[in-house]
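Taking it in order: structure first as structure tokens, then the write-up.
Every heavy atom of this structure was used, including side-chain atoms; hydrogens, water molecules and symmetry mates were not. Quick note on labels: first sequence line is chain A, next is B, and so on, each numbered from 1.
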Number of protein chains: 2
Amino acid sequence: MDTIVKTIHVGFAKPFGCHSCRMNKLCIPLALGSDELDKLDQLNALVQRKNPLQPRDGVFFSGDPFTSIYAVRSGSIKSFCIDTDGREQVTGFYLPGEIFGWDGLANDHYQNTAIALETTSVCEIPYDQLDKLGSAIPSIKKYVMKLISHELNADQRLIALLAGKSAHQKLASLLLSISDRLVVQGLSPRRLWLPMSRGEISNYLGMTVETVSRALSHFQRNNYLHVNKKDIEILDKQALRSLLISSDDTE
Amino acid sequence: MDTIVKTIHVGFAKPFGCHSCRMNKLCIPLALGSDELDKLDQLNALVQRKNPLQPRDGVFFSGDPFTSIYAVRSGSIKSFCIDTDGREQVTGFYLPGEIFGWDGLANDHYQNTAIALETTSVCEIPYDQLDKLGSAIPSIKKYVMKLISHELNADQRLIALLAGKSAHQKLASLLLSISDRLVVQGLSPRRLWLPMSRGEISNYLGMTVETVSRALSHFQRNNYLHVNKKDIEILDKQALRSLLISSDDTE
DNA sequence: CGGACCTTTGAAGACATTCAAGGCCTGTGG
DNA sequence: CCACAGGCCTTGAATGTCTTCAAAGGTCCG
């Protein structure tokens, strides 16, 4: 049987620094037999484009029944949960092509809340239908498993970052991660626009707003970056990278 | 069709403080039609008991091809990965009844290394067979998805802990988590024996050995705990809990 | 223009780390 | 059996990083 490679436009990439775990295509690559191609069209039919979201609009809220996963088409999403003590904890930023919403699978209710950081459009992919389709098409099933598992790996990378790295290292890691993810979108890895506030960055990285601000200033003084509010230009990517591989944090 | 609830002895619980996400049974509960019961026997047949592991023995190593997930029968397992800078990062501790090894799913290779902390026996569950069985029995498939998703939620709880909590809070959280997980095993929630070293605890929680030691001493001085090396007795669980819900960290 | 919010910067302070030393336990070899 | 070496754990003191507190500048939007 001859196989045909077809792609559909549900993007995919990983939140946070997933050099090893991210698939390097924006679309879902599937090797399908001809008998499966019609099934694939069903998958395309699954994907529901939603109305554009305004900044601070929610996609789903903590406690909502789990129905779907979502893919960012344009804009950006942040997901966060409320801690035992009522504190908000940002758990992820999602850029175009990335998928979020898996956290609801465990309890049939979303644990996180997902909101738009800017004007954003997302695709909704109803999980029960995706699941059904996965049963019919093994390659889709396998792909879904990989998507979840990638999220797992991304979380573990974040854990390693939070547990073992300094403020400078954390911030450098986030910037490099975003840079890499822009490349996946076909954009420049040097110029980036941060859709999230300093406060959201600091929360995500387990530090304070002031420390984030100071770290950015520090990087700018050392000509690692050019910072203009949310516009960042990476001037010396190698310097940022070297922060991560050694504990050498010298000026 | 009448359904029969049957359980098999692959334990299950969550690493780390999963009050909300952990199923409160040690076994896999499945509601099955009579036609599915024979399939269930196949699942039982899947589970391969392995020879006991000695302390420091590995179950799998980072880079090994992903073949199976594992359940702890007795003893305990730690999993860790090597960071970009060569630093070891502990990503989880697994007690009897808990399942580990999902991280290999994404890349068909394990990202973490899993080793025994003490004399330990584990069950091996070949993933391809589990997957096949999941295709035949929807309830098993659903359960597998939930297992992975639970791991995801557990990681996110750890992220919140690492990002937002003080040393005392982190340690209290770990102790309470272990206590809760002992209850699942039918053991006392007050007396616990830590299978891991202070160094492994500190690495997991993103702090230094000295800080862990000082925090334990502090808890003992305040009669929250009685500490005797790896033997811990929880004297005032409420005090530990209250550390987590407020930032009140007073003597 | 005014106000709210976000960001930056400074200075003081706190918490955790680092450096250092000693104690305890275990296993090994004399 | 005792001595000794090597881990692991604890404790103290000094240092440092990050936080907290405080204030001012900037931007956006009514």
### Query
Quick one: bend of the helix from C:dC1-D:dG30 to C:dG30-D:dC1 from 5 pairs per end, to 10°?
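End-to-end axis angle: 30°.
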
How about [X] and [Y]: does a side-chain donor come under 3.5 Å of a side-chain acceptor?
X	Y	answer
B:Ser121	B:Ser74	yes
A:Thr91	A:Ser79	yes
A:Asp85	B:Gln169	no

Round to a whole Å and report the spacing from [atom1] of [X] to [atom2] of [N].
X	N	atom1	atom2	value
A:His218	C:dT7	NE2	P	20 Å
A:Asp231	C:dT7	CG	P	13 Å
B:Lys170	C:dC15	NZ	P	14 Å
B:Met207	C:dC15	CE	C1'	11 Å
A:Asn203	D:dT19	CG	P	12 Å
B:Glu118	D:dC8	CD	C1'	17 Å
B:Leu171	C:dA16	CG	C1'	14 Å

#### Entry: Ring centre gap for A:Tyr110 and A:Phe61 strictly below 6.0 Å
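No.
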
### Message
Quick check against the 3.5 Å criterion: does A:Asn203 have a side-chain atom that pairs as donor or acceptor with the backbone of A:Glu200?
### Response
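Judged by distance alone, no pair lies under 3.5 Å.
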
### Summary
Those residues at least two apart in sequence (or on a different chain) that pass side-chain contact (heavy atoms from CB on, under 4.5 Å) with A:Pro52 are none

Any protein N or O atoms within reach of nucleotides 9-12 of chain D? Criterion: under 3.5 Å, listing atom names and distances.
from   : atom 1 : to       : atom 2 : distance (Å)
D:dC9  : OP1    : B:Arg198 : N      : 3.2
D:dC9  : OP2    : B:Arg198 : N      : 3.3
D:dT10 : OP1    : B:Arg198 : NH2    : 3.0
D:dT10 : OP2    : B:Arg198 : NE     : 2.8
D:dT10 : OP2    : B:Ser213 : OG     : 3.1
D:dT10 : O5'    : B:Ser213 : OG     : 3.1
D:dT11 : OP2    : B:Ser217 : OG     : 2.3
D:dG12 : N7     : B:Arg214 : NH1    : 2.9
D:dG12 : O6     : B:Arg214 : NH2    : 3.4

### Query
Step by step, would you call B:Tyr70 with B:Tyr94 a ring pair (Phe, Tyr, Trp, His ring centres under 6.0 Å)?
CA-CA 10 Å; B:Tyr70 296 85; B:Tyr94 299 88; over 10 Å; no

### Message
side chain to side chain donor-acceptor pair (under 3.5 Å), that's the test. Do A:Glu233 and A:Asn228 meet it? Break it down for me.
### Response
CA-CA 8 Å; A:Glu233 185 178 4; A:Asn228 183 6; over 6 Å; no

